[in-house]
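Reviewing the structure listed below.
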Amino acid sequence: MNSHYDIWRMILDILRKDLSEVTLNAWFDEVVAVDLKDSVFLLYCPNDFKKGYIESLFLKNIRAALKEIFSYDMGVRLLNHEEYQNYGKVTEKKPTSLLESGEFTFDTFVVGGSNKLAHAAAQAVAEKPAERYNPLFIYGDSGLGKTHLIYAIAHEIRKRDPNSNIIYIKGDDFTNELVQAIRSGTTAEFKEKYRKADLLLMDDVQFIAGKEQTEEEFFHTFNTLYESKRQIVLTSDRPPSEMTKLSNRLQTRFEWGIMQDVQPPDFETRLAIVKNKAAQKGTVLDDDLAVFIAQNVTANVRQLEGSINKILAYRDLEGRDLDEATVMRAFKDILKKNNEFIPTASSIITECCRYFNIDETVIRGKAQSAAIVKARQVAMYLINHMTNLSLTEIGVEFGRDHTTVMHSRDKVAALIKNDPAFAEVVKEITTNINSQK
């Protein structure tokens with residue numbers, strides 16, 4: 001096991017409790033793990049601007065994550081390009097380079113009832129690009145294997161045709177590249193890059209919805225690739241019909257080919273994934289241990305892999321066998337998060353304030369502007385649905401009585417039913433709260 005690489009992935013999972021996926025993608029997408037030496041975790045960031053931003057704002061988060069993993073304080077250091085070159089260590093490539101690796105292939109993908117149709121469609125696309133399912137649209141919650149499948153498609157196509165021009169991009173990165181191209185006057189190069197792809201893979205395409213200029217550019221890119229019979233593969237956390245901010249013409253095109261969802265794995269699939277992931281890391285787990293993991297980690301594949309990484313990291317870095325004490329120490333926080341997690345009223349209010357960009361003192365106060373009232377009502381609704389607090393207890397959080405909470409709950413419920421765009425807002429806030437697990 002490449003321990004420092006696995007530790008970095010574990011750190012990112014912990015950071016998701018406090019930072020949104022957009023923040024992680026924006027600032028950590030170029031960061032790679034270098035080494036863990038003398039209780040100092042070394043990272044490399046080739047982008048000096050991002051490196052400085054991480055050092056000023058996020059080092060404390062990384063240190064806290066390391067302490068959560070190993071139960072003692074460790075240092076963190078980010079290397080610049082020159083320091084990294086001088087360090088002279090070969091490290092893992094950043095995530096987009098996984099297209100070149102054998103980590104995410106069809107052979108390493110565990111098929112079960114929750115993903116077999118998406119797997120079959122992905123294989124069909126890899127065997128005959130642009131002939132059967134174009135575009136292929138895979139949707140489902142985070143950590144269920146969508147990215148694994150599109151990497152597997154790329155790996156298979158690259159194996160059959162080493163010269164194929166394969167481009168992988170995340171939805172928000174596509175927007176960022178377009179903005180940069182407009183600022184630097186290189187839009188022609190930007191268009192050429194994407195419209196010459198033999199295979200275009202876009203992860204998290206939902207992030208382009210509602211961004212007018214990005215949608216316009218992707219519309220023309222999509223048309224160019226489709227009409228020239230080149231394959232497009234898209235992933236999202238929801239089907240096109242639920243992207244209420246997405247233009248009708250893009251929604252229609254996303255539905256031209258085939259759409260397949262992936263669901264959380266059942267117990268048998270989780271057990272197979274645990275054994276498969278451990279084997280990939282050169283370890284054979286006892287049946288009792290594998291069953292224990294599969295029974296207690298139920299949310300998604302990423303969490304299963306993170307659990308295995310954490311156990312093996314303890315073994316490798318502390319020189320301890322996989323005995324019961326080591327396993328239970330590694331699993332203490334995991335079990336707590338899985339079995340005891342209920343968001344607090346405070347954490348829900350904080351997330352609502354972050355989403356609506358208002359101060360917590362305002363949402364708890366007496367202000368009655370439409371925007372603040374909406375945020376306050378959403379917070380009350382979510383606290384009512386996601387915690388065990390009574391209406392009276394919720395009212396205390398806002399200095400209101402229980403009838404106000406009841407009215408807010410019913411008002412938000414009615415809006416969710418009748419306003420798809422508003423329903424999407426509530427769903428996104430809920431997802432952000434649940435990501436704190």
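More than 12 non-hydrogen atoms from other residues, nucleotides or ligands lie less than 6.0 angstrom from NZ of Lys50. No more than 12 heavy atoms of other residues, nucleotides or ligands sit less than 6.0 Å from atom NZ of Lys229. Annotation: His81, atom NE2; neighbour count of heavy atoms from other residues, nucleotides and ligands within 6.0 Å does not exceed 12.
Across Arg158 and Ser164, no two heavy atoms sit closer than the pair NH2-O, 3.5 Å. Taking both residues in full, the closest heavy atoms of Ile429 and Cys352 are given as CG2-SG, 4.1 Å, listed atom of the first, atom of the second, then distance. Here the shortest heavy-atom pairing between Ala272 and Val110 reads CB-CG1, 3.6 Å. Pro129 and Ile157 get closest at one heavy-atom pair: CG-CD1, 3.8 Å. In this structure, Met243 and Ser236 approach most closely via the heavy-atom pair CE-OG, 3.0 Å. Looking at every heavy atom in both residues, Trp8 comes nearest to Ala33 through CB-CB, 3.8 Å.
Among pairs with a residue in residues 118-139, those fulfilling side-chain hydrogen bond (donor to acceptor under 3.5 Å, both in side chains) read Asn134-Gln231, at least two apart in sequence or across chains. Contacts classified as salt bridge (charged side-chain N to carboxylate O under 4.0 Å, His left out) and involving residues 233-248 (residues at least two apart or in different chains) are given here: Arg238-Glu424, Glu242-Lys427. Listed by first then second residue, pairs satisfying salt bridge (charged side-chain N to carboxylate O under 4.0 Å, His left out) with a partner in residues 249-259 read Glu216-Arg249, not counting sequence neighbours.
Counted by atom type alone, Thr175 and Asp172 present zero donor-acceptor pairs between their side chains at under 3.5 Å. Donor-acceptor pairing under 3.5 Å is recorded for the side chains of Glu360 and Thr350. A donor atom on one side chain and an acceptor atom on the other are not found under 3.5 Å apart for Thr221 and Thr224.
If you take CD1 on Ile433 and CD1 on Ile349, they are separated by 10.0 Å, rounding to the nearest 0.5 Å. If you take CG on Leu246 and CD on Glu215, they are separated by 5.0 Å, rounding to the nearest 0.5 Å. How far CG of Leu79 is from SG of Cys45: 10.5 Å, rounded to the nearest 0.5 Å. Rounding to the nearest 0.5 Å places CD1 of Ile358 at 11.0 Å from CZ of Arg364. Within the model, atoms CZ of Phe207 and NZ of Lys170 stand 9.0 Å from one another, a figure rounded to the nearest 0.5 Å. Leu12 CG to Ile7 CD1: the interatomic distance, rounded to the nearest 0.5 Å, is 12.0 Å.
In this structure, the side chains of Val34 and Phe41 stay at 4.5 Å or more apart for every pair of heavy atoms. Residues Ile273 and Asn276 fail the side-chain proximity criterion, which asks for heavy atoms closer than 4.5 Å. Between Tyr194 and Phe174, some side-chain heavy-atom pair lies under the 4.5 Å cut-off. Counting only heavy atoms from C-beta outward, the side chains of Glu177 and Phe190 approach each other to under 4.5 Å. Between Asp13 and Leu15 there is no side-chain heavy-atom pair separated by less than 4.5 Å. Counting heavy atoms from C-beta on, the side chains of Glu351 and Ser347 never come closer than 4.5 Å. Contact check for Leu78 versus Ile54: side-chain heavy atoms found under the 4.5 Å cut-off. Val425 is listed as a side-chain neighbour of Phe356, based on a closest heavy-atom distance under 4.5 Å.
Looking at Lys67, its side chain never comes within 3.5 Å of a backbone N or O of Met74 through a donor-acceptor pair. Under the 3.5 Å distance criterion, the side-chain polar atoms of Arg77 are left unmatched by any main-chain donor or acceptor of Leu42. Under a 3.5 Å cut-off, the side chain of Lys275 and the backbone N or O of Leu271 do not form any donor-acceptor pair. Looking only at distances, a side-chain donor or acceptor of Ser56 sits under 3.5 Å from a matching main-chain atom of Gly52.
A distance of 6.0 Å or more separates the ring centres of Phe109 and Phe104. No close placement of the Tyr151 and His155 rings is indicated, their centers lying 6.0 Å or farther apart.
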In residues 195-205, what donor-acceptor pairs under 3.5 Å come from side-chain atoms, sequence neighbours left out?
unit_1, atom_1, unit_2, atom_2, d
Arg195, NH2, Glu217, OE1, 3.4
Arg195, NH2, Glu217, OE2, 2.8
Lys196, NZ, Glu192, OE2, 2.8
Asp198, OD2, Asn165, N, 2.6
Asp203, OD1, Thr147, OG1, 3.4
Asp203, OD1, Thr235, OG1, 2.3
Asp203, OD2, Thr147, OG1, 2.7
Asp203, OD2, Tyr168, OH, 2.7

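Under the 30°/60° scheme for interplanar angles, the aromatic rings of Phe254 and Phe218 are found to stand perpendicular. Below 30°, between 30° and 60°, or above 60°: for Phe58 and Phe28 the angle between ring planes is between 30° and 60°, a tilted geometry. By the 30° and 60° cut-offs, the orientation of the rings of Tyr53 relative to Trp27 is parallel.
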Side chain to side chain contact (heavy atoms under 4.5 Å, CB included) between Ile416 and Tyr381, intermediate numbers included:
CA-CA 11 Å; Ile416 289 173; Tyr381 170 86; 3.5 Å; yes

Starting from the C-alpha separation in whole Å, work towards a yes-or-no answer on side chain to side chain donor-acceptor pair (under 3.5 Å) for Ser346 and Thr344.
CA-CA 5 Å; Ser346 179; Thr344 63; 4.8 Å; no

Under the side chain to side chain contact (heavy atoms under 4.5 Å, CB included) rule, what do Tyr44 and Glu83 come out as? Steps first, then yes or no, please.
CA-CA 9 Å; Tyr44 164 54; Glu83 291 170 330; over 6 Å; no

What verdict does the side chain to side chain contact (heavy atoms under 4.5 Å, CB included) test give for Leu43 and Val32, after you've listed the backbone C-alpha separation in whole Å, the side-chain angles of each residue and the deciding distance to 0.1 Å?
CA-CA 6 Å; Leu43 298 167; Val32 293; over 6 Å; no

Just do the side chain to side chain contact (heavy atoms under 4.5 Å, CB included) check on Thr105 and Lys159 with the steps written out, would you?
CA-CA 11 Å; Thr105 66; Lys159 185 169 67 174; over 6 Å; no

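Between Glu55 and Lys51 there is a salt bridge, since a side-chain N of the basic residue sits under 4.0 Å from a carboxylate O of the acidic one. Between Glu189 and Lys193, no side-chain nitrogen of the basic residue sits less than 4.0 Å from a carboxylate oxygen of the acidic one, so the salt-bridge criterion is not met.
Not counting sequence neighbours, the partners of Ser228 by the side chain to side chain donor-acceptor pair (under 3.5 Å) test are Arg230. Applying the side chain to side chain donor-acceptor pair (under 3.5 Å) test to Asp261 and every residue at least two apart in sequence or in another chain returns Gln263.
None of Leu117, Asn115, Leu149 except one satisfies the side chain to side chain contact (heavy atoms under 4.5 Å, CB included) rule with Ile138; the exception is Leu149.
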